[in-house]
There are 2 protein chains.
Amino acid sequence: MSSRKSHKTSPALTPAVFHILLALVEEDRHGLGIADAIEHASDGSMRLGPGTLYRSLKEMTHEGLVVEVAPRGEDPRRKFYRITAPGRKRLEAEALRYDRLVRVARGRNVLPERAP
Amino acid sequence: MSSRKSHKTSPALTPAVFHILLALVEEDRHGLGIADAIEHASDGSMRLGPGTLYRSLKEMTHEGLVVEVAPRGEDPRRKFYRITAPGRKRLEAEALRYDRLVRVARGRNVLPERAP
DNA sequence: TTGACACATATCCATAATGGATATATCTAT
DNA sequence: ATAGATATATCCATTATGGATATGTGTCAA
């Protein structure tokens, strides 16, 4: 189905970037809020150290995957981030890759069949 | 916050190790055959360099995730590997993590709903 | 048979990605 | 005012990966 080379396939995201985007697609969040959301969404199996967290946010901002938005009153220390349209596209592409792998795994009986 | 479950959750696999196990769950393969299978299963988005490939196979053998099996006649240069029961368990755990993430993504409308 | 080239494993080195300690500042509660 | 939690940020060490290189063997055609 997918063409050989017709459309530009975006390079794979690092796990850290993927999780950050997935956390931001729900709502704008600040650094530590992102870390907490990731830990929750992954049921505790994924945790970002502060190094990876803030470094990634800085790079993602430069790459235009996220933008910093005005703080929400409360705590002025917090810097909130919002996913951009390009960020959403990259996230979708990566989620599709994951989905394909899960289907392969299921097709090889690594996982049980999906509930009806 | 403490973990909900008391049973230890196996540490996450690196993408390279996950893909190698996924390639071997279908059938025994040799090094380059694994690399080809990975490229195919990921629709070209995942490719392992020789460094990562042979290094991973060596480590995975030491960790008991795979075992080397007798070559299949043909080409004596090839070293075939087979996934072990522990390897399968680790693969299943990782595939479940991926599946959970895909469901989260779908729940946040990153991916379209599954076909009925 | 003998080159020429592809296949296959293996190792080395450079780069990329991550984790954790540390630093600095601010908020909250007592 | 003090203590402790929250929050961002940076530094350093470790891990993971990619690509070049090395070495040996198989295959094929002249």
Side-chain angles (χ1 to χ4, degrees), chain A residues 10-24 28-40 42 44-63 65-82 90 94 97, chain B residues 1 10-24 28-39 42 44-63 65-82 90 94 97:
Chain A
S10 44
L13 300 176
T14 65
V17 170
F18 171 73
H19 279 85
I20 291 173
L21 290 177
L22 189 57
L24 290 179
D28 298 346
R29 297 183 194 275
H30 68 287
L32 290 189
I34 292 170
D36 290 344
I38 288 173
E39 187 168 348
H40 182 263
S42 68
S45 65
M46 181 69 178
R47 300 169 64 175
L48 297 191
T52 304
L53 175 65
Y54 295 109
R55 193 185 317 112
S56 297
L57 284 172
K58 185 195 292 181
E59 294 168 352
M60 292 166 73
T61 299
H62 288 148
E63 293 165 11
L65 301 180
V66 300
V67 290
E68 190 182 336
V69 296
R72 297 250 223 288
E74 332 126 6
D75 191 336
R77 293 175 302 174
R78 297 180 170 179
K79 292 175 64 174
F80 281 80
Y81 294 89
R82 176 174 300 166
R90 294 291 300 276
E94 193 70 8
R97 287 195 192 94
Chain B
M1 117 138 210
S10 46
L13 300 176
T14 65
V17 170
F18 172 73
H19 278 86
I20 291 174
L21 290 178
L22 189 57
L24 290 179
D28 298 345
R29 297 183 195 275
H30 68 285
L32 290 188
I34 292 170
D36 291 344
I38 288 173
E39 186 168 350
S42 68
S45 65
M46 180 69 178
R47 299 169 64 175
L48 297 191
T52 304
L53 176 64
Y54 295 108
R55 192 186 318 112
S56 296
L57 285 172
K58 185 194 293 181
E59 295 168 352
M60 291 167 73
T61 299
H62 288 148
E63 293 165 12
L65 300 180
V66 300
V67 290
E68 190 182 336
V69 294
R72 297 246 220 289
E74 332 131 0
D75 191 335
R77 294 173 303 175
R78 296 179 170 179
K79 292 175 63 175
F80 281 80
Y81 294 88
R82 176 174 300 166
R90 295 290 300 275
E94 192 70 9
R97 286 196 193 92

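Chain A is the first sequence line, chain B the second, and so forth, proteins listed ahead of strands; every chain is numbered from 1. Keep in mind the model is a prediction, meaning the values are calculated, not measured.
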So does [Y] get a backbone contact from the side chain of [X], meaning a donor-acceptor N/O pair under 3.5 Å?
X: B:R97; Y: A:S45; result: no
X: B:E94; Y: B:L13; result: yes
X: A:R29; Y: A:A37; result: no

Whole-Å gap separating [atom2] ([N]) and [atom1] ([X]):
X: B:L57; N: D:dT17; atom1: CG; atom2: P; answer: 12 Å
X: A:R55; N: C:dG20; atom1: CZ; atom2: P; answer: 12 Å
X: B:K79; N: D:dT23; atom1: NZ; atom2: P; answer: 19 Å
X: B:L53; N: C:dC12; atom1: CG; atom2: P; answer: 17 Å
X: B:L48; N: D:dG19; atom1: CG; atom2: P; answer: 11 Å
X: B:E59; N: C:dT11; atom1: CD; atom2: C1'; answer: 13 Å
X: A:Y54; N: C:dT24; atom1: OH; atom2: P; answer: 17 Å
X: A:M46; N: C:dG19; atom1: CE; atom2: C1'; answer: 11 Å

Please tell me if the side chains of A:L22 and A:I38 come closer than 4.5 Å, counting only heavy atoms from C-beta onward.
no

According to a strict under-4.0 Å criterion, is [X] in side-chain N/O contact with OP1 or OP2 of [N]?
X: B:K58; N: C:dT11; result: yes
X: B:T14; N: D:dT17; result: yes
X: A:T52; N: C:dA17; result: no

Walk me through whether A:I34 and A:L57 qualify under side-chain contact (heavy atoms from CB on, under 4.5 Å).
CA-CA 10 Å; A:I34 292 170; A:L57 284 172; 3.9 Å; yes

For [X], answer base if it contacts any base atom (sugar-phosphate contacts may also be present), sugar-phosphate if it contacts only those atoms, and nothing otherwise; contact means non-hydrogen atoms under 4.0 Å.
X: A:R47; answer: sugar-phosphate
X: A:G31; answer: sugar-phosphate
X: B:P50; answer: base

Distance-only donor-acceptor test (3.5 Å): side chain B:R78, base D:dG26
no

Under-3.5 Å N/O pairs linking protein and nucleotides 25-30 of chain C:
residue, atom, partner, partner atom, Å
C:dT26, O2, A:R77, NH1, 2.4

Give me the atom names and distance for the closest heavy-atom approach of B:V69 to B:Y81.
CG2-N, 4.4 Å

Would you indicate whether B:R47, at its atom CZ, is surrounded by more than 12 heavy atoms from other residues, nucleotides or ligands within a distance under 6.0 Å?
no

